[in-house]
**Student:** 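Take a look at this one; I'll ask things after.
All heavy atoms count here, side chains included; hydrogens, waters and symmetry mates do not. Throughout, protein chains are lettered first and strands after them, A, B, ... in sequence-line order, and every chain is numbered starting at 1.
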There are 2 protein chains.
Amino acid sequence: MAGSTNTQFAVAVHVLTYLAGVTDAHAVSSDELSKSANVNPVYVRRVLGPLRRAGLVRSRSGVNGGWELAVDARQITLEQVWRPLQGTQPVLGLHGPDPTCATGRNVQKALTALDRTVADAVATSLKRFTVHDILDGQPEAAQSIPMTGG
Amino acid sequence: MAGSTNTQFAVAVHVLTYLAGVTDAHAVSSDELSKSANVNPVYVRRVLGPLRRAGLVRSRSGVNGGWELAVDARQITLEQVWRPLQGTQPVLGLHGPDPTCATGRNVQKALTALDRTVADAVATSLKRFTVHDILDGQPEAAQSIPMTGG
DNA sequence: CCTAACTGTAACTATCGCGACTACGAATGT
DNA sequence: ACATTCGTAGTCGCGATAGTTACAGTTAGG
């Protein structure tokens, strides 16, 4: 299950939306971003690191340095944001190192496979939205679009 | 995101599978279940509580008491297991109490709506499997069934 | 070239959720 | 009565998350 005390995805979406809302082409410091998202500047950099490696944002050091989108906000889906941050971590929650009984091993194998299925379902539903959608406040519209695949 | 250090769903699936594998009609104590799942008996009772309220299992106190399925294992989907345990907790991770800036409020509203969408996607994908499927070790078969809705 | 403004990263720390454990009242079969 | 088992509250330790400090490496501008 998703106790989800992890806010990286939320912060990432917030920051990217902020960057998408910047009209002129200057870079934004992690300090400014951190104030907007109400978190620590270092945390912003830690979150944006994977997204930079994924090619979604660029960063520059030095005076007038900071962050900017590397891709148009309309082209960045939330799935592209989620994947790098999620990595290989399970979406549901696996448990226990290695159960002794056969039932345990069976269940564990099943849950591992299941987790991949669920992760794919999450990713698929996130593909529907882009950073630009969030900027427009339009993510709730898609509520009405059912997942016909399920 | 799902740091998912929460193992309730995994334990629930394990325990229900164990119960599904019991051929004769006697109840199983939370102590026996806890040994199978390699967790604490009290934790088993805490996890099964919501599932009892959801009508999936029954429990009896006293000598020869314990737990048993209230429904055939073929009728219990993993979505029915997941929902009561997840409750209203976010699947992704929201953050921050109440951002001051407009961007923040926009993002937060969007993420809340988004979380419902994702939760539905998870639930939908979990509907494909039953406890009996896990007992048979057949949850990986559905890997090949794509989510056409994405 | 020197300074000021940034990033990138490594510590260390505080906080919080999860789950183990103890304990005890209530229920139930023998 | 008595042993068993559930239901639940309370306490505790561990680990993950994120805040904080610190510092080396970049870059624009005087």
**Student:** Look at B:S59 and D:dG7 and indicate whether a side-chain polar atom (N or O) is within less than 4.0 Å of OP1 or OP2.
**Tutor:** yes
**Student:** Rounded to the nearest angstrom, tell me the gap between atom CG in A:L51 and atom P in C:dG8.
**Tutor:** 12 Å
**Student:** Looking across every strand, which nucleic acid part, if any, lies under 4.0 Å from A:N40 by heavy atom: base, sugar-phosphate, or nothing?
**Tutor:** base
**Student:** May I ask you to evaluate whether A:S30 reaches the phosphate of C:dT7, defined as a side-chain N or O under 4.0 Å from OP1 or OP2?
**Tutor:** yes
**Student:** What's the closest nucleotide to the side chain of B:V39 if the choices are C:dA20, D:dT8, D:dT5?
**Tutor:** C:dA20
**Student:** Rounding to a whole Å, what distance do you find between A:K35:NZ and D:dG19:C1'?
**Tutor:** 16 Å
**Student:** B:V63 has a side chain; which of C:dT28, D:dA18, D:dA28 sits nearest to it?
**Tutor:** C:dT28
**Student:** If I take atom CD in residue A:E68 and atom P in nucleotide D:dT27, what distance separates them, rounded to the nearest angstrom?
**Tutor:** 14 Å
**Student:** When the distance from CG of A:D31 to P of D:dT21 is rounded to whole Å, what number comes out?
**Tutor:** 13 Å
**Student:** Please determine which of B:T130, B:L16, B:I134 meets the side chain to side chain contact (heavy atoms under 4.5 Å, CB included) test together with B:L78.
**Tutor:** B:I134
**Student:** Quick one: is A:S61 getting a side-chain N or O under 4.0 Å of the C:dG8 phosphate, OP1 or OP2?
**Tutor:** no
**Student:** In plain terms, say whether A:E68 and A:R60 are close enough for a salt bridge, that is, a side-chain N and a carboxylate O under 4.0 Å apart.
**Tutor:** yes
**Student:** Over all strands shown, is A:R60 touching base, sugar-phosphate only, or nothing at heavy-atom distances under 4.0 angstrom?
**Tutor:** sugar-phosphate
**Student:** Below 4.0 angstrom, N of the basic side chain to O of the carboxylate: do B:R116 and B:D120 qualify?
**Tutor:** no
**Student:** Over how many whole Å does the gap from B:N38 atom CG to C:dC18 atom P extend?
**Tutor:** 20 Å
**Student:** Within the pair B:N64 and C:dG29, is there a side-chain N or O less than 4.0 Å away from OP1 or OP2?
**Tutor:** no
**Student:** Using a heavy-atom cut-off of under 4.0 Å over every strand shown, decide if B:R52 touches base, sugar-phosphate, or nothing.
**Tutor:** sugar-phosphate
**Student:** Which of the following nucleotides, C:dA10, D:dG7, C:dT7, is nearest to the side chain of A:V42?
**Tutor:** C:dA10
**Student:** Just verifying a value: how many Å separate A:L33 CG and A:Y43 OH, rounded to the nearest 0.5 Å?
**Tutor:** 14.0 Å
**Student:** Testing B:S59, B:S34, B:S30 for side chain to side chain donor-acceptor pair (under 3.5 Å) with B:R45, which one passes?
**Tutor:** B:S30
**Student:** Quick one: B:Y43 OH to D:dT8 C1', roughly how many Å, whole number?
**Tutor:** 16 Å
**Student:** With respect to the side chain of A:R45, which nucleotide from C:dG8, D:dA28, D:dT8 is positioned closest?
**Tutor:** C:dG8
**Student:** Between C:dA20, D:dT17, C:dA11, which nucleotide gets closest to the side-chain atoms of A:R46?
**Tutor:** C:dA11
**Student:** Roughly how many Å is it from CD in B:Q8 to C1' in C:dA20, rounded to a whole number?
**Tutor:** 14 Å
**Student:** Whole-Å distance between C:dT7 P and A:L48 CG?
**Tutor:** 10 Å
